[in-house]
Amino acid sequence: GAGVSQSPSNKVTEKGKDVELRCDPISGHTALYWYRQSLGQGLEFLIYFQGNSAPDKSGLPSDRFSAERTGGSVSTLTIQRTQQEDSAVYLCASSLKINRGREKLFFGSGTQLSVL
Amino acid sequence: GQQLNQSPQSMFIQEGEDVSMNCTSSSIFNTWLWYKQDPGEGPVLLIALYKAGELTSNGRLTAQFGITRKDSFLNISASIPSDVGIYFCAGQLPTGANNLFFGTGTRLTVIP
């Protein structure tokens with residue numbers, strides 16, 4: 001597709017279960033970001049992938065959170081043993097980093113995660 | 001990470017009024033981006049700025065890259081109800097791998 005695609009759009013899970021959120025970036029985009037947005041709040045950076053470099057995981061809130069990016073394209077964000085405070089919208093964004101310092105991020109519509 | 005101070009946090013305005021919001025930082029940025037987020041959607045890029053002093057328009061929206069490279073503002077003229085949403089600024093440092101930072105957002109409400 002033309003844009004960043006995220007699935008599922010909504011996910012309801014029980015506390016303690018694991019969830020996987022998927023992101024399909026724009027084809028050819030080398031950089032991929034995951035953000036978390038709690039209700040009415042700003043964007044909280046989680047993790048960043050750029051090409052074949054080691055990901056920047058500095059934003060992951062706990063070791064229950066992990067992400068991978070297979071083949072430099074699709075990314076999966078996994079949350080293990082979900083807690084109610086994990087409830088939020090998880091946004092993925094991708095960009096084509098051509099010139100240093102000139103980057104435009106394009107966002108998906110997000111996955112609304114609700115942990116009961 | 002870098003701190004981007006975005007203000008105001010929220011605004012309630014009458015339809016037809018002009019709106020102004022801004023972002024400031026203690027760091028020098030190479031790029032300023034402005035995004036709008038509608039309810040239930042991801043942020044959408046409105047304007048990208050790449051040069052100090054640059055003034056760019058997109059319809060009723062105008063954004064400027066501050067001369068000091070530490071700030072940017074976004075103006076919306078003659079607001080309409082569909083301008084409702086959350087507006088985010090983002091600044092990019094000249095170096096570093098993960099070098100893009102977002103402001104905390106301005107929530108705009110337009111009263112018809």
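First the proteins, then the strands, lettered A, B, ... as listed; each starts at 1.
No side-chain N or O of A:S114 forms a donor-acceptor pair with one of A:S87 less than 3.5 Å apart. For the 3.5 Å distance criterion, the side chains of B:T106 and B:Q6 qualify, holding a donor opposite an acceptor.
With a 4.5 angstrom heavy-atom cutoff, B:Q37 touches chain A only via side-chain atoms. If you measure heavy-atom distances from A:L43 to chain B, the contacts under 4.5 Å come from both the backbone and the side chain. Only the side chain of A:Q37 comes within less than 4.5 Å of a heavy atom in chain B; its backbone stays farther off.
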Derivation and outcome, ring-ring contact (aromatic ring centres under 6.0 Å, His included), residues B:Y35 and A:F107:
CA-CA 10 Å; B:Y35 286 85; A:F107 283 84; 5.5 Å; yes

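Ion pair B:D83/B:K36 not flagged as a salt bridge, since none of the NZ, NE, NH1 or NH2 atoms sits closer than 4.0 Å to an Asp/Glu carboxylate oxygen.
Note on B:G40, B:P43, B:G105, B:G42: by heavy-atom pairs under 4.5 Å with chain A, the leading option is B:P43.
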